[in-house]
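The figures that follow rest on heavy atoms only: side chains count, while hydrogens, waters and symmetry mates do not. In the text below, chain A, chain B and the rest are named by the order of the sequence lines, each starting its count at 1. Every value quoted in this text rests on a predicted model; they were computed, and no experiment measured them.
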Amino acid sequence: MTKENSNEPLIDSNKLIFGIGQVQQITGVSGRQLRYWEEQNYIAPIEQQKGTQRQYSFHTLFLIFHIQRYLTQGFTLQAAVEKAKEFEKQMPVLRTFIKAQLQGVDVSNERSVIDFGFKNDERKQRVYGIVEGNKTYFKVEDLKESK
DNA sequence: TTTCTGACA
DNA sequence: TGTCAGAA
């Protein structure tokens with residue numbers, strides 16, 4: 001049988017493991033901070049024994065990256081963690097929606113068009129996301145009756 | 001060489 | 001949070 005879901009991720013993110021040194025290079029967060037954040041239970045390395053070197057999952061790396069971003073924006077560590085975790089909760093929802101709705105993207109320098117498919121099951125309107133430089137907006141197109 | 005824990009101008 | 005020490 002052929003796989004139903006033919007568009008699975010190319011790589012298994014669960015197999016992407018990073019040492020604390022790599023995390024420092026990638027995120028710019030110091031080892032001292034990483035250990036402190038861990039101590040505060042904001043982040044957690046992959047389960048391991050006492051004294052051994054820490055290993056971080058891709059998911060945790062992503063979380064660390066976002067916490068750092070919010071810190072840079074001026075949020076306190078606690079607030080940054082909350083915002084980062086909140087964002088992580090939203091991601092699956094966004095992913096599900098985009099995966100289901102995205103029909104195609106027509107890229108162009110002046111005006112790119114994102115096809116979000118039909119507005120609803122009535123299939124009488126098509127929704128498009130328009131990108132013109134830095135400006136973005138939606139456009140709903142009424143479809144001709146296919147009598 | 002890198003990382004770990006604990007301590008502190 | 002940075003940094004230093006002493007140990008893996």
A:Tyr128 to A:Phe116 - nearest heavy-atom pair and separation: C-CD1, 4.1 Å
Span of DNA chain C in contact with chain A (heavy atoms, under 4.0 Å): C:dT1 to C:dT3
Pairs involving residues 14-33 of chain A, ordered by first then second residue, that meet ring pair (Phe, Tyr, Trp, His ring centres under 6.0 Å) (sequence neighbours left out): none
Selection residues 68-88 of chain A - residue pairs positive for salt bridge (charged side-chain N to carboxylate O under 4.0 Å, His left out), sequence neighbours left out: A:Glu86-A:Lys89
Residue pairs fulfilling salt bridge (charged side-chain N to carboxylate O under 4.0 Å, His left out) with at least one residue in residues 101-117 of chain A, sequence neighbours excluded: A:Arg111-A:Glu132, A:Asp115-A:Arg126
Residues within residues 18-32 of chain A bordering DNA chain B, heavy-atom distance below 4.0 Å: A:Ile20, A:Gly21, A:Arg32
Close residues, residues 36-46 of chain A, relative to DNA chain B [heavy-atom separation under 4.0 Å]: none
Would one find more than 12 heavy atoms of other residues, nucleotides or ligands at under 6.0 Å from atom [atom1] of [X]?
X: A:Asn120; atom1: CG; value: yes
X: A:Gln78; atom1: CD; value: no
X: A:Phe58; atom1: CZ; value: no

Side chain to side chain contact (heavy atoms under 4.5 Å, CB included) partners for A:Thr96, two or more places apart: none
Contacts of type side chain to side chain contact (heavy atoms under 4.5 Å, CB included), residue A:Phe97, not counting sequence neighbours: A:Gln101
Members besides A:Phe75 in its Ile/Leu/Val/Met/Phe/Trp/Tyr cluster (side-chain heavy atoms under 4.5 Å): A:Phe62, A:Tyr70, A:Phe87, A:Met91
Members sharing A:Ile17's hydrophobic cluster (side chains within less than 4.5 Å): A:Ile46
Nucleotide pairing, DNA chain C (Watson-Crick or G-U, distances under 3.5 Å), in dot-bracket with [ ] and |: .|||||||
Output a table of donor-acceptor pairs, distance under 3.5 Å, between side-chain atoms of residues 22-33 of chain A and any protein atom two or more places apart or on a different chain; print 'none' if there are none.
residue: A:Gln22; atom: OE1; partner: A:Gly19; partner atom: N; Å: 2.9
residue: A:Gln24; atom: OE1; partner: A:Gly31; partner atom: N; Å: 3.1
residue: A:Thr27; atom: OG1; partner: A:Val23; partner atom: O; Å: 2.7
residue: A:Thr27; atom: OG1; partner: A:Val29; partner atom: N; Å: 3.2
residue: A:Ser30; atom: OG; partner: A:Gln33; partner atom: N; Å: 3.1
residue: A:Ser30; atom: OG; partner: A:Gln33; partner atom: OE1; Å: 3.2
residue: A:Gln33; atom: OE1; partner: A:Ser30; partner atom: N; Å: 3.0

